[in-house]
Protein chains: 2
Amino acid sequence: MRILVVEDDVNLNRQLSDALKEAGYVVDQAFDGEEGHYLGETEPYDAVILDIGLPVMDGITVVEKWRAEGKGMPVLMLTARDRWSDKVAGIDAGADDYVAKPFHTEEVLARVRALIRRAAGHSSSEIVCGPVRLDTKASKASVDGVALKLTSHEFRLLSYLMHHMGQVVSRTELVEHMYDQDFDRDSNTIEVFVGRLRKKLGVDLIETVRGLGYRMQAPTDAH
Amino acid sequence: MRILVVEDDVNLNRQLSDALKEAGYVVDQAFDGEEGHYLGETEPYDAVILDIGLPVMDGITVVEKWRAEGKGMPVLMLTARDRWSDKVAGIDAGADDYVAKPFHTEEVLARVRALIRRAAGHSSSEIVCGPVRLDTKASKASVDGVALKLTSHEFRLLSYLMHHMGQVVSRTELVEHMYDQDFDRDSNTIEVFVGRLRKKLGVDLIETVRGLGYRMQAPTDAH
DNA sequence: GCGGTGCATGCGCATTCTGGTGGTCGAAGA
DNA sequence: TCTTCGACCACCAGAATGCGCATGCACCGC
């Protein structure tokens, strides 16, 4: 984890940086707004600690510029205790959190931990199989980057197959996972949907295992 | 967006709830830890405001139980100003943020906004989707720079969709986040509001995914 | 009244299901 | 090894289902 500390008070900056290094983080330091902004723009940080009152460019402006540039790393602002309106402005500018000066170093560490923990929770849920890409969160699928237009059952089928990649999935297993109880087992709906899905996918990734069911697998097949 | 306020001080609870409702949120209230924990366990909230000192079950325990149960909604803790060790404990227990009492209501609102937008993966207080622009701070929306005149429910609907851009949002999910408990699920209200919103937006950004729900997305979408 | 909201009705059509037909695969026997 | 047979599967096209939308009206608070 790499952290940027932007604080013009040299002692305070070192105090924070030392504590962070102590806690196992990699720390970069900046001492004015412009330097801080430049570093945040060019280097990939997991979190930034940013003083609100900085020479050259103030903290609010720095955050705003980062956000406008699409930089989304968590930012922890340091503010003067009594200027609560600054806090509100900072948060609305895109900061994720703030700590009022003077602070306990331990508190800053706890907040940094919380920020990093939270930021880690946004990994998108994607499954990839060869050229096929499934985004379960968005309920979307694509082949070679081209979005597929799937109906809900087709999507459910693809989803189940991709969640069990490489395994043979039986027809009854599919029925049980795609429908709620009491579905007429003597119908060929699954086969129909497999057919339609194969047609829409274009590529032949759904293998039929005769007598057992279907298996989805990447094409680079050693077997 | 639906918020839970857990605070045993009746006046404070009402003060917060009123301010939140004023800002367009749907608010549920609880007055002790057990009640709060139960509600957070059973209802889907977009954020929780949680006092640390509560009857029956204290705030730290409540958060810990939620996290242990896999509940991941953002939690804003209210703490006494001088007990900074409580803050650290609260954050490490799984709270996302805290505000020290006494606080400015405006500050709590700013922090709630920040929590919700961060939970949705946005870093600034403005969310943009093609020509549509949503200002969560000012509770305003515009298309191509022209301000929209939305009713409160229409705004809530748009807000939720834009906070979950690219994802498919089910009808029940919308109902649960736009209304407090006890709303007739067997009605087509959501569909009607989607229709009204689409008409006001003019552009066709709200895609319906048959059998699943709705998805809002920028039009120039390849990957 | 008026704007905002909730609900009922009915229609159009995408989606899903069904039955049938023809094709394919695999095993067993010649 | 080749042939034959039966089981299994793919595909088609029509039918039925039920989802989503527009419309209009009732209600409620202001």
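Below, read A as the first sequence line, B as the second, and so on, with proteins coming before strands; counting in each chain starts at 1. In what follows, every heavy atom counts, from backbone to side chain, and hydrogens, waters and symmetry copies are set aside. Remember, predicted model here, so these are calculated numbers, not experimental data.
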Quiz item: With no hydrogens and no angle check, is any side-chain donor or acceptor of B:R2 less than 3.5 Å from a backbone partner on B:E176?
Solution: yes
In whole angstroms, the gap separating P of C:dG3 from NZ of B:K200 amounts to 11 Å
Whole-Å distance, B:L212 CG to C:dA14 P, equals 17 Å
Contacts of B:E207 meeting salt bridge (Lys or Arg N to Asp or Glu O under 4.0 Å) (sequence neighbours excluded), chain-then-number -> B:R215
Sorted by number, residues from residues 147-159 of chain B placing a heavy atom under 4.0 Å from DNA chain C are B:K149, B:T151, B:S152, B:H153
In short, salt bridge (charged side-chain N to carboxylate O under 4.0 Å, His left out) pairs touching residues 50-68 of chain B with sequence neighbours left out are B:D51-B:K101, B:R67-B:D96
Hits for salt bridge (Lys or Arg N to Asp or Glu O under 4.0 Å) against B:E154, two or more places apart or cross-chain, chain-then-number order -> B:K200
Given protein heavy atoms under 4.0 Å, the one-letter contact record of nucleotides 22-30 of chain D, with B base, S sugar-phosphate only and - none, is simply BB-------
- Please step through side chain to side chain contact (heavy atoms under 4.5 Å, CB included) for the pair B:V112 and B:R117, ending with a clear verdict. CA-CA 9 Å; B:V112 167; B:R117 82 171 180 242; over 6 Å; no
- Task: Could you tell me whether B:E41 and B:K71 have a side-chain N and a carboxylate O separated by less than 4.0 Å?
- Result: no
For residues 12-23 of chain B, the side-chain hydrogen bond (donor to acceptor under 3.5 Å, both in side chains) pairs (sequence neighbours left out) are B:N13-B:S17, B:N13-B:Q29, B:Q15-B:T105, B:S17-B:Q29
Should B:T79 and B:V99 be marked as a side chain to side chain contact (heavy atoms under 4.5 Å, CB included) after you check the CA-CA gap, both sets of side-chain angles, and the distance that decides it? CA-CA 6 Å; B:T79 74; B:V99 171; over 6 Å; no
- prompt: Checking B:D9 side chain against B:N11 main chain: does a donor-acceptor pair fall under 3.5 Å?
  reply: yes
* Should B:R113 and B:E126 count as an ion pair when the cut-off is N to O under 4.0 Å? -> no
Residues of residues 19-27 of chain B with a heavy atom under 4.0 Å from any atom of DNA chain C, listed by number, are none
Q: Output yes when at least one side-chain N/O atom of A:T189 is less than 4.0 Å from OP1 or OP2 of C:dT16, else no.
A: no
Discussion item. Measuring to OP1 and OP2 of C:dC7, would you say a side-chain N or O of B:S187 lies under 4.0 angstrom away?
Written reply: yes
Between A:L197 and the options A:L157, A:L205, A:V192, A:T151, the side chain to side chain contact (heavy atoms under 4.5 Å, CB included) test singles out A:L157
Practice task
Verify side chain to side chain contact (heavy atoms under 4.5 Å, CB included) between B:L78 and B:Y98, making sure each step is shown before the conclusion.
Solution key: CA-CA 6 Å; B:L78 305 179; B:Y98 73 82; over 6 Å; no
From CD of B:E207 across to P of D:dG20 the rounded distance in Å is 13 Å
Between CD1 of A:I190 and P of C:dT18 the distance, given in whole Å, is 11 Å
When the rotation axes relating C1' atoms of four end pairs to the next four are compared across the helix from C:dG1-D:dC30 to C:dA30-D:dT1, five pairs an end, they differ to 10° by 30°
Taking B:W66 for the side chain and B:G72 for the main chain, is one N or O donor matched with an acceptor at less than 3.5 Å?
no
To the nearest angstrom, the CG-P distance between B:D204 and D:dC21 comes to 10 Å
### Task
Determine: side-chain N/O of B:Y179 to OP1/OP2 of C:dG6, distance under 4.0 Å, yes or no.
yes
B:Y214 atom OH is separated from D:dC19 atom P, nearest whole Å, by 12 Å
The complete set of side-chain hydrogen bond (donor to acceptor under 3.5 Å, both in side chains) pairs with one or both residues in residues 156-165 of chain A, sequence neighbours excluded, reads A:H153-A:R156, A:S159-A:H163, A:Y160-A:E173, A:Y160-A:H177
For B:R111, the salt bridge (Lys or Arg N to Asp or Glu O under 4.0 Å) test, sequence neighbours excluded, returns A:D97, B:D97, B:E107
Atom CZ of A:R171 and atom C1' of D:dC9 are separated, to the nearest Å, by 7 Å
Look for any protein N or O under 3.5 Å of an N or O in nucleotides 3-6 of chain D and output each such pair with its distance, or none.
none

Those residues at least two apart in sequence (or on a different chain) that pass salt bridge (Lys or Arg N to Asp or Glu O under 4.0 Å) with A:R171 are A:E191
